[in-house]
Amino acid sequence: MVLPSEILKYERIAPERLDLGAMILDYLALDRETEVFYFDFFKMPANALENACKNFLFAGRDERVFFIGDWSLKGTCKEGFAMTNQAIYWRAPLGRARKIRYLELQSVQKGKDWLLVNGHFFTATPALNLKMYKLLKKIGRVTAG
């Protein structure tokens, strides 16, 4: 798996100069993934947006949602994940909804085909898991310092 070369510009960036949304999109390179991701919520099917908000995306009014990813088999967006300017939200199939604020990010561990984020199970594709691991480690370093 090849990590996006765009992430190199974040190696020595000062936290006050960081554009979190751009960094998230650069690290994840979602345009190279096969899953469904929504960036324009006006073009997103209304029922999918409603399901995401009912099932895992419990963002506050002051949060800016960068994207919503649909993990559901039928495109219902009842399972998936999203990232905002403050937190990551997700719900895996047969799992419960999770939210971890970046300021509360304590640990990210990579397993064979999954991640543990503050001890909670997260998985997507092998490539996306690796990119999420690198991204969350970077966010943890930036928010801690």
With K137 via side-chain hydrogen bond (donor to acceptor under 3.5 Å, both in side chains) - residues at least two apart: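 Not a single residue meets the side-chain hydrogen bond (donor to acceptor under 3.5 Å, both in side chains) criterion with K137.
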Do [X] and [Y] belong to the same hydrophobic cluster, where Ile, Leu, Val, Met, Phe, Trp and Tyr are linked whenever their side-chain heavy atoms lie under 4.5 Å apart, directly or via other members?
{"X": "L57", "Y": "F121", "result": "no"}
{"X": "L25", "Y": "V65", "result": "no"}
{"X": "L105", "Y": "L28", "result": "yes"}
{"X": "M23", "Y": "L103", "result": "no"}
{"X": "L18", "Y": "M83", "result": "yes"}

Grab the two heavy atoms, one from [X] and one from [Y], that are nearest each other, plus how far apart they are.
{"X": "S72", "Y": "T76", "answer": "OG-N, 2.8 Å"}
{"X": "Y38", "Y": "F41", "answer": "O-CE2, 3.5 Å"}
{"X": "Y102", "Y": "I24", "answer": "OH-CD1, 3.8 Å"}
{"X": "K134", "Y": "L3", "answer": "CE-CD1, 4.0 Å"}
{"X": "E79", "Y": "F56", "answer": "C-CE2, 3.8 Å"}
{"X": "A127", "Y": "E33", "answer": "CB-OE2, 4.0 Å"}

Are [X] and [Y] close enough that some pair of their side-chain heavy atoms sits under 4.5 Å apart?
{"X": "W90", "Y": "I100", "value": "yes"}
{"X": "I7", "Y": "L135", "value": "no"}
{"X": "K99", "Y": "R101", "value": "yes"}
{"X": "L49", "Y": "P45", "value": "no"}
{"X": "F81", "Y": "M132", "value": "yes"}
{"X": "M44", "Y": "C77", "value": "yes"}
{"X": "T84", "Y": "R64", "value": "no"}

Counting heavy atoms not belonging to L8, are there more than 12 under 6.0 Å from its CG?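 More than 12 heavy atoms, drawn from other residues, nucleotides or ligands, come within 6.0 Å of this atom.
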Neighbour count above 12 (heavy atom, 6.0 Å) for K78 NZ: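 12 or below, so no.
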How about Y10 and D26: does a side-chain donor come under 3.5 Å of a side-chain acceptor?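 Side-chain D/A pair, Y10 to D26: present.
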Side-chain donor-acceptor contact under 3.5 Å, T125 with E35: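 Not at all, the side chains of T125 and E35 share no donor-acceptor pair under 3.5 Å.
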Is R32 paired with E6 through a side-chain N to carboxylate O contact shorter than 4.0 Å?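 So E6 pairs with R32 through a salt bridge.
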Tell me which donor-acceptor pairs under 3.5 Å the side chains of residues 109-117 have, and how far apart each pair is, sequence neighbours excluded?
none

Taking F122 as the fixed residue, which of W71, Y89, Y133 is the one that meets the ring-ring contact (aromatic ring centres under 6.0 Å, His included) rule?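 The residue from W71, Y89, Y133 that satisfies ring-ring contact (aromatic ring centres under 6.0 Å, His included) with F122 turns out to be W71.
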Please round to the nearest 0.5 Å and tell me the distance separating atom NZ of K9 and atom CD of E11.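 Going from NZ on K9 over to CD on E11, the span is 12.5 Å.
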Main-chain N/O of [Y] paired with [X] side-chain donor or acceptor, under 3.5 Å:
{"X": "R91", "Y": "G95", "value": "yes"}
{"X": "N118", "Y": "S107", "value": "yes"}
{"X": "D70", "Y": "V36", "value": "no"}
{"X": "N55", "Y": "A97", "value": "no"}

